[in-house]
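Input: a single structure, listed below in structure tokens.
Sequence lines set the chain letters: A, B, ... in the order given, protein chains first and strands last, and positions in each chain run from 1. Both backbone and side-chain heavy atoms feed into the values below; hydrogens, waters and symmetry mates do not. The structure presented is a predicted model; accordingly, all values stated were derived computationally and were not measured.
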Amino acid sequence: MNEKIEPILRAENISISFGGLKALDNVSLTINPGEIFAIIGPNGAGKTTMLNVLNGFYKQDEGSIFFEGKKRSKHMKPNVIAAMGIARTFQNLALFTGMSALGNIMVGRTMKMHSNIFSQALYWGFSRKEEIEHRRAVERIIDFLQIENIRRTPASMLPYGLRKRVELARALAAEPKLLLLDEPMAGMNLEEKEDIARFVLDANEELGYTIALIEHDMGVVMDICDRIAVLDFGKKIAEGTPDEVKANPEVVKAYLGTAEG
Amino acid sequence: MTDLPMTGPHILIDNAKKFPPTKAAMREKDYGIWQSYSWQDYLDQVKDFALGLASLGFEREDKMAIIGDNRPQLYWGLAACQSLGGVPVPLYQDAIHKELHYIVNHSECRFALAEDQEQTDKLMHLKDETPRLEYIIYDDPRGLQNYKKDWLIAFTDVQEMGRRFGKENPDYFMDSVNQIKPDDMSIIGYTSGTTGNPKGVMITHRMIADCSRGFLEWDNLNETEEVMAYLPMAWIGDHIFSYGQALCSGFTVNCPESTTTVVQDQKEIGPTHIFAPPRIWENILTQIMIKIEDSAWIKRKGFDYFMKVANRVEKKRIANEQVPTGDGILYQIGRFLYFGPLVDNLGMSKLKVAYTAGEAIGPEIFEFYRSLGINLKQLYGMTESCAYVSMQKDGEIDSESVGPPAPGVEIKISDKGEVLYKGPGNFVGYFKNPEATAETYEDGWLCSGDAGYMTEQGHLKIIDRAKDVSKLNDGTMFAPKYIENKLKFSPYIKEAVAHGMGKDFVAVFIDIDYGAVANWAERRHIAFTSYTDLAQKPPVYDLIQEAILKVNKSLSEDPRLKNSQIKRYLLFHKELNPDDGEITRTRKVRRKFIAEKYGDLIDALYDPAKESVDMEATFTYEDGRTTTMKANLKVRDVNTF
């Protein structure tokens with residue numbers, strides 16, 4: 001890695017505890033612009049906690065986060081952080097179930113809309129123009145993720161794999177500088193996983209998104225990521241390219257148990 | 001007829017002059033919005049692309065493979081290739097490596113036009129093995145930005161090269177179009193035969209123009225028609241319908257947004273003319289039945305009741321008899337409550353005429369659509385005849401025949417009972433395969449390979465493939481496809497393979513319709529894990545048995561077929577798949593292949609002692625991985641009447 005690259009996000013010595021449980025213990029990581037970065041680890045390793053800290057859902061007890069070189073206030077609200085350009089998806093899906101796929105994705109554009117609620121309700125003048133412009137952007141994402149056929153389907157009627165895709169679409173619609181994906185492939189069959197992997201790769205290569213994702217399916221992660229950080233019991237045990245991580249005995253131990261065991 | 005232009009490019013140029021810029025020649029749904037192209041746009045696009053090809057060194061009689069879903073760019077590519085005197089070779093978009101390799105190699109393609117990354121990848125794999133293939137051109141650049149090869153070019157880049165080339169050679173396009181003669185080859189359509197390698201059917205411009213015009217006149221179709229192009233471009237039906245007929249009449253071809261949005265897109269367009277093989281009609285029927293099953297009981301009862309009325313009314317209408325007043329009134333109520341909204345939902349409310357072609361359709365399926373008030377008609381043809389042999393006339397519909405000979409076609413039945421014909425669509429020959437051509441033509445008559453006869457009304461009736469029709473041991477005629485099509489009326493049966501040649505009775509393999517049966521099982525809280533698991537559930541056997549009993553009942557009513565009722569069956573452990581060679585790309589059952597591959601299963605069907613059979617199958621994925629699957633398939637007896 002070129003040392004001169006300014007990381008898009010740098011987390012330094014992050015620690016957070018819930019009661020007596022130390023969920024993250026002095027974890028540092030850097031995410032460089034234009035890369036696909038993965039955080040992996042066994043269940044309970046603190047992956048989702050890390051993501052929640054990165055997008056401001058949790059406040060770290062110690063440590064600091066630098067976004068685009070600037071130190072971020074610990075008390076910044078998640079919506080402000082989102083407006084700065086960090087979007088995310090959730091492991092347990094957080095779609096508006098009564099809304100169509102299209103509506104859900106449009107929500108992702110809210111941050112970028114400037115007209116007020118009244119003129120939006122009238123769909124007139126500037127807000128009309130704005131709506132058309134955002135719809136165009138959303139249609140491009142629908143095309144990108146190949147979900148034309150479910151545009152009008154309420155989210156509640158979609159199967160799980162497609163809901164995940166709609167959620168990804170919503171995050172993409174926000175055009176974030178950094179996209180956080182929480183287990184985008186959890187609960188999917190092989191084919192669906194390969195589809196999502198393809199979309200993540202394309203989003204990175206074609207649309208130029210910087211992506212940080214959590215996953216416990218090692219196979220897929222190794223194939224698509226540029227760099228990986230491995231967490232185990234709240235501690236970072238490795239960081240590097242997929243090959244480096246694979247060769248790291250600590251990682252093997254965390255995933256497969258000790259050799260003597 | 002004499003002064004009408006006869007070649008695709010000439011007709012296109014004529015259309016661009018004839019129709020105003022407001023008349024859409026093509027529409028494509030992109031980013032959720034229908035984009036229109038006028039005939040002038042169509043011509044400009046074709047011209048730019050053609051000149052681009054010319055600047056890459058495309059020569060007369062060069063072949064160009066075309067593969068992908070129905071996109072305007074692919075149709076333009078096809079026309080561009082023709083306007084340079086070249087020959088397009090459309091390929092089935094789901095074809096696997098082996099099939100593509102054979103066709104691209106055999107047809108000696110120098111150029112290939114692919115829709116997207118998926119198809120481009122397939123062609124790139126072929127590049128090393130087929131030395132003649134020089135350039136691959138792609139339409140959708142998605143995912144291809146890292147493929148840096150000199151011989152891999154974007155469609156729009158080729159057009160850009162064409163515009164530059166056109167500035168330097170302003171007469172090039174018209175000069176090359178003017179060199180095309182009506183009797184030049186216009187396309188090679190590879191047929192996915194049920195035996196052996198595909199054969200390249202050579203077709204000329206004149207054949208396409210004559211047949212297309214024949215179709216249009218038959219139904220009085222004109223430039224105001226709207227059609228949906230979503231069937232494989234490699235199918236002759238689509239070529240005649242979305243290309244030939246569109247050019248000859250000037251009507252509008254609509255390309256859906258994606259293969260998964262066809263139903264919604266069709267609803268938005270409201271086509272007036274549909275041309276589709278039976279499997280499409282079967283699929284739509286299955287979807288309707290699933291939705292009816294899911295609806296409230298009162299709606300279900302109402303639908304069943306009014307469908308019965310509609311069926312009675314349609315039987316009268318087909319027979320050209322007076323419909324009793326009571327039924328007439330009930331039918332109108334049914335139309336108001338059910339058929340109208342249903343037909344509207346299918347996007348078929350503006351339909352003038354619909355055809356089922358390419359395969360025999362089950363009479364029950366056919367009657368279902370007609371009962372709804374849809375003017376569905378049968379058409380008989382094949383690639384070798386440009387899909388043009390016989391078709392039904394309005395007012396002379398019969399669910400079991402395929403109508404009188406089309407204008408200009410002569411039909412004769414050989415001594416062996418095979419259908420022979422002569423007509424404007426008769427093909428020139430198989431490409432580089434004179435032996436096969438000689439076998440197909442007999443004194444200028446084209447041997448269809450189908451067994452059939454002419455009815456008293458002068459309509460052609462097809463029984464089955466001549467080589468498939470045989471006899472049971474007791475001498476009863478056994479026509480497997482006839483029985484299979486009856487079975488396929490059940491929404492729960494996707495495919496069936498009937499056995500009986502040289503046996504004592506008829507026995508069948510049945511492929512359940514996974515979507516429909518899974519839906520049925522879910523509503524009954526039957527848990528299952530996979531296709532194989534679902535197919536082997538006793539309640540599913542009961543469900544299918546009901547459908548078989550209905551077929552047996554219907555067979556028992558025909559004295560000639562009474563003894564060909566189904567006595568034993570088993571539910572197959574997997575879907576029949578063209579990738580595994582069990583059916584063709586157009587979903588024709590490859591009987592010989594199945595008989596060889598699944599001999600054990602057939603033996604079990606005819607061994608009364610066996611109640612189940614173990615089977616082990618090895619599957620090969622596209623990337624070369626293999627898995628072995630073990631299953632125990634139950635064999636059941638069915639009552640006959």
Side-chain angles (χ1 to χ4, degrees), chain A residues 34 36 100-106 109 131-154 157-162 165-166 169 172-173 189-209 219 223-224 226, chain B residues 28-35 68-71 115-118 120-121 138-148 154 228 230 254-268 283 287 290-291 294 345 347 514-515 518-519 522 529-531 533 579 619 621-623 625 627:
Chain A
I36 301 181
S100 68
L102 178 66
N104 269 295
I105 304 168
M106 281 299 269
R109 301 292 298 180
E131 173 101 6
I132 291 172
E133 187 191 308
H134 287 297
R135 175 68 190 274
R136 193 168 290 142
V138 165
E139 282 295 338
R140 267 195 288 267
I141 289 160
I142 288 177
D143 179 73
F144 179 77
L145 293 178
Q146 296 164 8
I147 45 177
E148 296 96 341
N149 56 327
I150 54 155
R151 209 185 260 129
R152 302 277 177 201
T153 315
M157 288 176 62
L158 294 174
Y160 181 76
L162 282 174
R165 224 190 276 184
V166 172
L172 286 177
N189 64 32
L190 184 69
E191 202 184 329
E192 289 169 328
K193 275 182 191 173
E194 283 172 352
D195 276 352
I196 289 281
R198 187 75 245 164
F199 290 133
V200 169
L201 268 179
D202 284 350
N204 174 256
E205 288 176 2
E206 234 171 281
L207 308 181
Y209 286 102
D223 284 348
I224 65 172
D226 299 311
Chain B
E28 171 190 28
K29 199 173 182 190
D30 210 4
Y31 299 129
I33 296 172
W34 287 99
Q35 327 269 350
D69 289 333
N70 315 60
R71 304 255 58 95
E115 181 207 358
D116 56 7
Q117 184 194 13
E118 181 187 347
T120 306
D121 278 345
Y138 57 89
D139 170 30
D140 183 356
R142 166 105 198 262
L144 288 166
Q145 71 279 18
N146 291 336
Y147 292 38
K148 304 252 185 289
M228 291 289 293
Y230 63 99
N254 297 282
C255 297
E257 190 163 21
S258 81
T259 44
T260 47
T261 58
V262 173
V263 178
Q264 286 157 313
D265 295 342
Q266 176 155 309
K267 204 176 155 187
E268 288 167 11
N283 288 350
Q287 292 309 317
I290 290 177
K291 285 188 184 142
D294 275 343
N345 242 307
Y514 188 56
N519 185 288
E522 269 168 31
T529 54
S530 64
Y531 182 94
D533 183 40
D579 290 355
F619 301 99
Y621 291 107
E622 277 173 41
D623 59 2
R625 282 178 297 153
T627 52

Given heavy-atom pairs under 4.5 angstrom as the criterion, report whether the side chain, backbone, both or neither of A:D143 touches chain B.
both
When the 4.5 angstrom heavy-atom criterion is applied to B:T260 and chain A, the contacting part is both
Among A:E148, A:E139, A:R135, side-chain contact (heavy atoms from CB on, under 4.5 Å) partner for B:Y31:
A:E139
In terms of heavy-atom proximity below 4.5 Å to chain B, should A:R198 be classed as side chain, backbone, both, or neither?
side chain
Nearest 0.5 Å please: distance from the OG1 atom of B:T261 over to the CD atom of A:Q146.
11.5 Å
Taking side chain as everything from C-beta outward and backbone as N, CA, C, O, which of these in B:D265 sits under 4.5 Å from a heavy atom of chain A? Side chain, backbone, both or neither.
neither
Is there a donor-acceptor pair under 3.5 Å between the side chain of B:E257 and the backbone N or O of A:N149?
no
In short, B:R142 meets A:F199 closest at the heavy-atom pair NH2-CD2, 3.5 Å
Which one of A:R151, A:R136, A:E205 has the most heavy-atom pairs closer than 4.5 Å to chain B?
A:R151
